[in-house]
Structure formats: C-alpha cells, structure tokens
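Data block below; observations after.
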Amino acid sequence: MSLKLYNSLTSKKEIFKSISGKKVKTYGCGPTVYNSPHLGNFRTFVFYDLLNRVLKMNGYKTETAVNITDIDDKIIDKVNEQKTTLKEVTSKYELSFMELSSSLKILPNNYNPRATDYVNQMIEFIQTLIDNDLAYEMDGNIFFSIEKYPHYGKFVKINDDLEIEDIDLSKKNRSDFTLWKARKEKDGEIFWKSQWGEGRPGWHTECAVMIKTLFNGQLDIHCGGIDLKFPHHENESAQIEAIQKHNLSNYWLHAEHLNVDNEKMSKSLGNFVDVKKLIKENGSNIVRLFLLSAHYRTKVSFNQKKIDDCKKMINKINRFASNIIKSDEKINLKFSEDHNKFIDALNDDLNTPEALGVFFSFVTKMNKKIAENSFNDSDNIKSFIFLKLFNSIFDIIDLDNLQENEIPKEVQDLLVSRQEARDNKDWKLSDNLRDKLSEMGWIVEDSVDGQNLLKKK
Ligand code: AMP
Ligand code: ZN
C-alpha cells in the first residue's frame with residue numbers, strides 16, 4: 001500500500017507524493033527553550049520521528065529540520081526573573097531538549113536552526129513584505145496586513161471569534177499579526193537593530209524565514225502540534241506564500257495533544273510530566289512506546305496504568321526475542337504477509353496502534369510454535385526480520401543481545417548466492433549450490449516464503 005497521510009489542508013487522507021522523486025523535505029515546529037520540554041511536547045517530537053522513520057521505510061531520503069525557538073516573551077520573562085542572559089537560559093534548555101530527544105531515540109535532524117541565528121534574514125524578509133505592500137509599520141511594530149492577502153484563512157474560517165494576538169498594540173485590523181515587535185522596557189538587552197528601530201522578530205516570522213533560508217521556502221511536509229494550526233501555521237504560511245509563487249508545504253500534519261485529566265498538558269497549567277524523571281523511573285523504551293502506542297491524531301490521557309501496560313508489552317517482546325537467533329536476513333529477501341500488514345498499517349496515516357496489533361499477533365503465533373516445539377528455521381528468519389523491521393520504527397528493543405547465529409558464514413554466503421541465482425531464474429546454479437550445501441551438512445527447502453535451512457541430523 002502506498003503511503004497515505006492525513007493532510008490538514010484538505011482534511012483528508014491523501015496518497016503522499018513528493019516534490020522531487022525519492023527526496024522529502026520536512027519541518028517541525030520545535031521547542032520554546034525557557035523550560036525543559038514536557039511529555040506532551042515529546043508526544044509531538046516523537047511523532048516527527050515516527051514520520052521520518054516511516055518515510056525512510058518507504059525508501060525516501062529525508063531532509064529534516066526541527067527548530068529551536070530561542071526568542072519569545074516567555075524566555076524574556078525567565079531571563080528577567082533569574083537576572084541572567086538570554087543565552088544562559090536558552091542553551092540550558094536546548095541541551096535538555098537534545099539530551100531527552102536522544103534518550104527517546106529520536107533520530108538526529110539534519111538541521112536544528114535557532115531563531116537568533118537568522119535575525120538578519122528575518123529583517124530582510126520583513127522589508128520585502130513592506131516593499132510589496134503586504135506589511136506596514138505602526139509605533140515601531142510591523143504588522144502583516146491580512147486584507148492584502150486574499151488567501152488568508154487556509155486552516156480556519158476567518159470570523160470575530162478567532163484567537164487574536166497582541167490586542168494591546170495599535171494596528172489597522174485586529175487580525176493583522178506581528179512580524180516585528182518594537183523593543184519594550186522589559187526586553188532589557190534582548191533586542192536587535194533594524195531600519196524600524198530596535199526590536200525583535202515575531203514567532204511566526206521566525207519559522208517562515210528559517211524554512212525560506214534552509215529549504216528555499218518549499219517543503220513536502222510541515223508538522224506541528226494541533227494547537228499550532230491557527231494562528232501559527234496560518235500566519236507562517238500567509239507571509240511566505242504572499243511573496244512566492246509556490247506553496248510553503250504540500251502536506252500539513254498535526255499531532256493531537258497529550259492530556260492530563262482531559263486538559264492539555266502544558267507548562268503554563270503546571271500539569272506537566274517531567275520526561276527526565278519518567279525515563280529514570282521506567283526506562284526510555286517504555287516512555288517511547290507509550291508515546292507511540294496511540295494514533296497521533298487521537299487525544300491521549302497520561303496515567304501510570306498506561307505506562308505499566310507498556311512495561312508488560314516490552315517484557316513480552318523481550319521474552320520472545322530471547323528465543324530468536326540472529327540470522328542473515330539477506331537469506332530471505334521476501335517480506336511475508338505478516339511483515340506487509342505491519343507496513344500497510346504504518347502507511348495508513350502512521351497507524352501505530354494497528355501496527356502494534358499486527359506485531360503482537362505475530363509474536364503470539366510464534367510463541368505458540370515455540371511452546372509446541374514446532375518453531376523452525378524459516379520461522380526464526382521471519383521473526384528476526386520482523387524484529388528488525390519493528391525496531392526500525394519503534395526502536396525499543398536491544399537487537400544486539402539476540403543469540404548469535406550458529407550457521408557458519410560460508411553457509412550463509414552460499415544461501416545468499418543461491419537466492420540470487422533463483423531470482424535470476426538460474427535453476428542449474430541454484431541446484432548446484434543446494435548440492436554443495438548438502439555436502440556441508442545442510443538441507444535447503446524452498447517455500448513461498450523463501451529458502452528454509454535445516455541442519456542434517
Ligand atoms: P512549545 O515548546 O510550547 O513551543 O511546543 C513545542 C511543540 O510541542 C509544539 O509543536 C506544540 O504543539 C507541542 N505541544 C505542546 N503541548 C503539547 C501537548 N500537551 N501534547 C502534544 N503536543 C504538545
Ligand atoms: Zn513554527
């Protein structure tokens with residue numbers, strides 16, 4: 001099944017088509033570094049990682065960016081509260097984001113751009129918007145004029161009930177959003193010089209300009225938590241699409257929230273779970289499995305019972321894995337039906353609960369065979385391939401600890417050559433290789449699932 005993703009632009013699952021062959025460019029809105037990211041933030045960050053891994057599973061070469069928001073009101077409040085510098089606060093929490101990401105096995109991104117490193121480009125970009133009559137200045141603030149951009153409202157219907165930012169500032173239209181904020185007293189030393197006076201860029205401009213600079217303003221997929229759809233993604237895309245001929249992104253994916261007692265887990269509500277502590281108490285594999293166990297578009301409530309259930313699931317996988325002997329998966333080049341069902345579930349808009357279900361029913365089937373003593377080499381190879389495939393996405397088991405293969409390297413190499421001969425329909429060579437293996441004490445049988453190897457008794 002080809003990869004399908006739910007696109008927030010059309011509110012439909014669509015077959016994924018990349019802009020340029022097997023290359024895919026993705027951007028996810030990253031952490032605001034005034035605090036350590038909580039478990040809710042990591043639900044979204046692990047979802048970015050899931051998307052990256054599923055794209056790779058489909059043979060795409062990904063180029064990914066997750067930004068670091070290191071200019072923001074909340075950061076300035078923290079700097080003032082702690083009487084310290086911007087860098088002191090942001091570098092501490094950026095490090096914490098990086099360490100926790102690696103502990104949760106999030107694959108490194110190609111870029112983790114910091115907003116502070118792109119301020120010159122942001123000033124240039126805002127000037128271009130002014131020159132094109134899309135933005136205007138008022139009291140040293142620069143606003144994007146939504147009236148001037150007829151496509152404003154791609155994610156929402158524009159009406160008076162919408163969330164309005166910076167209502168205390170004078171602007172032409174209450175929905176106009178801020179591109180540049182004039183320096184205020186509380187900003188202290190946190191400001192940049194521009195042709196409009198001292199100030200700093202607005203959040204929506206930060207992401208827009210980082211995407212413009214890194215990806216020439218064109219992405220295959222843009223992701224974020226659902227709370228970012230409006231106004232952040234609306235505003236991010238409006239300002240950039242107003243001056244370029246193409247879309248900012250063809251697909252927009254949004255992850256639902258992690259809740260606590262039906263309320264969004266958030267720093268400001270104070271109901272957040274500390275990821276470091278949770279990992280320390282349970283191990284990172286259990287936390288990662290918990291974050292992946294629900295579909296990314298469903299709301300999930302955090303509770304200890306779910307963590308305990310994940311612990312049981314991991315124990316079951318590890319018990320199963322302890323029966324599996326490492327094998328050269330090249331021996332069996334074909335994926336079995338079970339493997340394909342797992343892939344299909346993930347390709348159906350990253351359906352992790354369904355993929356887990358497929359994997360666990362396979363584990364149960366194989367455990368039964370192990371208990372009945374009917375687990376053969378072919379089952380072992382299938383199980384090994386499945387464990388590797390499973391781990392390429394979920395990454396929660398230590399495959400290095402599997403039992404080592406007893407099949408000599410020479411025999412494995414002959415099997416690989418024989419598979420190649422069979423793929424080339426060179427039956428003579430295939431038969432010769434079978435005879436050679438037989439002389440060495442190994443019986444090969446061919447089945448729909450590939451070659452089965454048995455040691456002569
Ligand atoms: P922030 O650090 O607040 O800028 O958020 C970083 C990312 O985490 C954004 O994509 C948010 O949408 C996402 N996020 C924040 N809270 C939650 C939550 N409770 N559940 C899932 N994602 C969240
Ligand atoms: Zn963003």
Side-chain angles (χ1 to χ4, degrees), residues 8 26-51 64-75 77-78 89-90 93-94 96-98 100-101 104 106 109 111-115 118 122 155 163 165 177 201-215 217 219 221-240 248-249 252-275 287 290-292 294-302:
S8 297
T26 72
Y27 182 94
C29 294
T32 309
V33 281
Y34 72 103
N35 224 325
S36 283
H38 55 66
L39 191 64
N41 299 130
F42 269 103
R43 177 170 195 210
T44 293
F45 304 145
V46 167
F47 147 69
Y48 299 163
D49 181 62
L50 167 70
L51 173 67
T64 65
V66 173
N67 77 289
I68 306 288
T69 302
D70 61 351
I71 313 174
D72 178 87
D73 278 321
K74 290 180 220 120
I75 302 176
D77 291 343
K78 189 116 192 183
V89 171
T90 57
Y93 297 115
E94 180 185 320
S96 148
F97 164 67
M98 289 301 191
L100 292 171
S101 294
L104 286 170
I106 291 177
N109 290 286
Y111 317 104
N112 287 114
R114 295 185 192 106
Y118 293 80
M122 292 170 196
F155 289 120
E163 188 186 332
E165 295 176 312
F177 59 89
W203 174 36
H204 315 310
T205 303
E206 293 171 11
C207 282
V209 170
M210 288 186 273
I211 297 170
K212 191 160 174 43
T213 313
L214 292 170
F215 297 103
L219 298 167
I221 307 172
H222 192 311
C223 343
I226 191 84
D227 53 320
L228 302 192
K229 198 155 122 180
F230 188 90
H232 183 52
H233 289 164
E234 186 74 53
N235 294 348
E236 209 188 286
S237 61
Q239 56 190 285
I240 201 163
L248 169 62
S249 181
W252 290 78
L253 268 57
H254 291 103
E256 256 301 345
H257 284 148
L258 180 69
N259 290 344
V260 181
D261 299 332
N262 293 323
E263 242 183 334
K264 176 191 170 194
M265 183 179 286
S266 77
K267 289 169 202 168
S268 46
L269 287 175
N271 62 352
F272 60 88
V273 172
D274 182 308
V275 183
V287 179
F290 165 70
L291 292 173
L292 286 171
H295 189 263
Y296 77 92
R297 283 193 295 113
T298 58
K299 285 194 180 73
V300 170
S301 261
F302 171 80

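Side-chain atoms are counted along with the backbone in the values below, which use heavy atoms only and exclude waters and symmetry mates. Every number for a ligand or one of its atoms is a count from 1 in the order of the listing. Everything quoted here is computed from the prediction, not taken from an experiment.
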What atoms in ligand 1 come closer than 4.0 Å to a heavy atom of [X]?
X: Cys29; value: 10 (O)
X: Gly40; value: 17 (C), 18 (C), 19 (N), 20 (N), 21 (C), 22 (N), 23 (C)
X: Glu256; value: 21 (C)
X: His38; value: 16 (N)

Looking only at distances, can you tell me whether any N or O atom of [X], backbone or side chain, sits closer than 3.5 Å to an N or O atom of ligand 1?
X: Met265; result: yes
X: Phe45; result: no
X: Leu228; result: no
X: Thr44; result: yes
X: Asp227; result: yes
X: Ile226; result: no

Look at the side chain of [X] and the backbone N and O of [Y], then say whether any donor-acceptor pair between them is shorter than 3.5 Å.
X: Asn67; Y: Pro113; answer: no
X: His257; Y: Asn259; answer: no
X: Arg43; Y: Glu256; answer: yes
X: Ser249; Y: His222; answer: yes
X: Ser101; Y: Ile106; answer: no
X: Asn35; Y: Tyr93; answer: no

Write out the residue and atom name of the closest protein heavy atom to [atom], then the distance separating them to 0.1 Å.
atom: atom 10 (O) of ligand 1; answer: Gly225 N, 3.1 Å
atom: atom 16 (N) of ligand 1; answer: Lys264 CE, 3.4 Å
atom: atom 20 (N) of ligand 1; answer: Leu258 N, 2.8 Å

Over all heavy atoms of both residues, which pair between Thr69 and Ile75 is shortest? Give the atoms and the distance, please.
->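 Reported closest heavy-atom pair: O-CD1, 3.4 Å.
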Non-hydrogen atoms of Phe272 and His38 that approach each other most closely =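 Nearest pair, atom of Phe272 first, then His38: CB-CB, 3.5 Å.
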Tell me which part of Tyr48 gets within contact of ligand 1: side chain, backbone, both or neither, using heavy atoms under 4.0 Å.
->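 Side chain only; the backbone of Tyr48 stays clear of ligand 1.
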With heavy atoms only and a cut-off of under 4.0 Å, state how Lys267 meets ligand 1: side chain, backbone, both or neither.
->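 It is the side chain that gets close, since no backbone atom is under 4.0 Å.
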Would Phe215 and Tyr111 count as a ring pair (Phe, Tyr, Trp, His ring centres under 6.0 Å) if you check the C-alpha gap in whole Å, the side-chain angles of each, and the deciding distance to 0.1 Å?
-> CA-CA 11 Å; Phe215 297 103; Tyr111 317 104; 5.7 Å; yes
Which is closest to atom 5 (O) of ligand 1 in terms of heavy atoms, Asn41, Val66, Thr32, Leu39?
->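 That would be Asn41.
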So, 4.0 Å and heavy atoms of [X]: is ligand 1 close enough to count as a contact?
X: Pro31; answer: yes
X: Gly30; answer: yes
X: Ser266; answer: no

Presence of N, O or S from Cys29 under 2.8 Å of the Zn ion (ligand 2) =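 A backbone or side-chain N, O or S atom of Cys29 is under 2.8 Å from the Zn ion (ligand 2).
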Apex the Zn ion (ligand 2) - arms SG from Cys207 and NE2 from His232 - angle rounded to 10° |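 If I round to 10°, I get 110°.
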Full working for side-chain contact (heavy atoms from CB on, under 4.5 Å) between Met98 and Asn112 = CA-CA 10 Å; Met98 289 301 191; Asn112 287 114; 3.2 Å; yes
Going through the checks in order, is the side-chain contact (heavy atoms from CB on, under 4.5 Å) test met by Tyr48 and Tyr27?
-> CA-CA 9 Å; Tyr48 299 163; Tyr27 182 94; over 6 Å; no
Could you go through the side-chain contact (heavy atoms from CB on, under 4.5 Å) check for Gln239 and Phe177 one step at a time?
-> CA-CA 10 Å; Gln239 56 190 285; Phe177 59 89; 3.6 Å; yes
Pairwise distance CZ(Arg114) to CE(Met210) - rounded to 0.5 angstrom |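 Going from CZ on Arg114 over to CE on Met210, the span is 11.0 Å.
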